[in-house]
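Step one of this worksheet: look at the structure below.
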There are 2 protein chains.
Amino acid sequence: MIMLKLIASNHIKKDQLEKFTVLAKELIMKSRAEEGNLSYSINVSLDDPCLFTFVEVWRDQKAFDIHNRTPHFTDIFPQIQAMSDKATPPTFYTELDA
Amino acid sequence: MIMLKLIASNHIKKDQLEKFTVLAKELIMKSRAEEGNLSYSINVSLDDPCLFTFVEVWRDQKAFDIHNRTPHFTDIFPQIQAMSDKATPPTFYTELDA
């Protein structure tokens with residue numbers, strides 16, 4: 001099954017956690033509603049409550065490109081980057097078929 | 001929803017890729033069949049065909065502990081570690097509810 005999986009992490013400044021959580025939830029809901037999204041999760045580390053890892057699955061590259069041009073992404077992503085004291089750029093994957 | 005998500009990566013030695021893929025597929029199938037597993041994927045990087053990231057979702061810590069004692073895990077995991085020239089230990093997460 002051809003699909004595109006993205007894993008990226010942001011380490012959020014402690015004083016920005018509350019604001020980040022509000023934006024993150026909006027990004028999750030609006031991204032999951034996109035036609036080409038297969039799954040979208042933002043995951044908080046159990047060892048570090050400021051570390052968040054995005055695991056996103058898109059139907060294909062085109063769906064991901066569309067996502068990158070959506071109002072919610074173009075509005076929220078820069079804010080999240082500004083709230084981060086460390087951002088691990090995305091690694092792109094495809095899933096091993098079993 | 002309380003659940004446990006694990007993300008870990010292994011960089012497999014080039015000459016072990018074929019053997020790894022066989023073991024990986026067995027581990028995927030048997031792990032997904034476990035009662036406490038919610039999802040289990042092994043993902044190959046589009047930029048580096050030797051880089052594999054495991055994204056596992058378990059119902060709770062107990063389900064994960066049971067997994068760690070299964071014959072398929074105790075048999076396959078050491079082999080995968082031996083095939084790796086780099087292993088990034090797991091980070092444990094829970095999912096942000098939206």
Side-chain angles (χ1 to χ4, degrees), chain A residues 1-12 17-34 37-58 60-61 64 72 76 80 86 88-98, chain B residues 1-12 17-34 37-58 60-61 64 72 76 80 86 88-98:
Chain A
M1 188 180 72
I2 304 288
M3 54 80 163
L4 186 69
K5 188 174 285 195
L6 170 157
I7 300 177
S9 298
N10 286 69
H11 193 272
I12 304 298
L17 275 178
E18 223 173 301
K19 216 176 127 192
F20 167 78
T21 305
V22 172
L23 286 174
K25 291 185 176 184
E26 182 186 345
L27 190 55
I28 292 169
M29 282 190 293
K30 291 185 175 174
S31 300
R32 285 178 181 171
E34 290 182 52
N37 182 257
L38 301 180
S39 88
Y40 193 103
S41 66
I42 300 177
N43 306 277
V44 52
S45 164
L46 298 184
D47 301 320
D48 177 356
C50 292
L51 175 62
F52 293 84
T53 294
F54 294 64
V55 181
E56 309 173 19
V57 186
W58 299 94
D60 48 32
Q61 181 69 47
F64 179 63
H72 51 275
I76 294 173
I80 288 177
K86 189 184 171 203
T88 309
T91 302
F92 294 92
Y93 299 89
T94 194
E95 204 168 297
L96 207 55
D97 278 327
Chain B
M1 188 180 72
I2 305 288
M3 53 83 163
L4 185 68
K5 188 173 285 194
L6 170 156
I7 300 178
S9 296
N10 286 71
H11 194 271
I12 304 299
L17 275 178
E18 222 173 300
K19 216 175 127 192
F20 167 77
T21 306
V22 172
L23 285 174
K25 290 183 177 183
E26 181 186 346
L27 189 56
I28 292 169
M29 282 189 293
K30 291 183 174 175
S31 301
R32 284 179 181 169
E34 290 182 52
N37 182 258
L38 301 181
S39 90
Y40 193 102
S41 66
I42 300 178
N43 306 277
V44 53
S45 163
L46 298 184
D47 301 321
D48 177 356
C50 293
L51 176 62
F52 293 85
T53 294
F54 295 64
V55 180
E56 309 173 19
V57 186
W58 299 94
D60 49 31
Q61 181 68 48
F64 179 62
H72 50 275
I76 293 174
I80 289 177
K86 189 184 171 202
T88 308
T91 301
F92 294 92
Y93 299 90
T94 194
E95 205 169 294
L96 208 54
D97 278 326

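In what follows, chains are A, B, ... by sequence order, proteins preceding strands, each numbered from 1. All of these numbers come straight from a predicted model, not from anything done at the bench.
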Minimum heavy-atom separation for A/Ala98 and B/Met29, please, with both atom names. CB-CG, 4.0 Å
Kindly compute the distance separating NZ (B/Lys25) from CG (A/Asp97), expressed to the nearest 0.5 Å. 6.5 Å
What part of B/Leu27 lies closer than 4.5 angstrom to a heavy atom of chain A: side chain, backbone, both or neither? neither
For side-chain contact (heavy atoms from CB on, under 4.5 Å), just list the numbers for A/Tyr93 and B/Leu46, CA-CA rounded to whole Å, side-chain angles, deciding distance to a tenth of an Å, and then say yes or no. CA-CA 5 Å; A/Tyr93 299 89; B/Leu46 298 184; 5.5 Å; no
Given the options A/Ile42, A/Leu51, A/Thr21, A/Asn43, which has more heavy-atom pairs under 4.5 Å with chain B than any of the others? A/Asn43
Give a yes-or-no answer on whether the side chains of A/Ser41 and B/Lys5 include a donor-acceptor pair shorter than 3.5 Å. yes
Side chain from CB out, backbone as N, CA, C, O: work out which of these in B/Thr91 comes under 4.5 Å of a heavy atom of chain A, or both, or neither. side chain
Do B/Ile28 and A/Leu96 have side-chain heavy atoms sitting under 4.5 Å apart? yes
If you define the side chain from C-beta out and look only at heavy atoms, does anything of A/Val44 sit under 4.5 Å from B/Thr94? yes
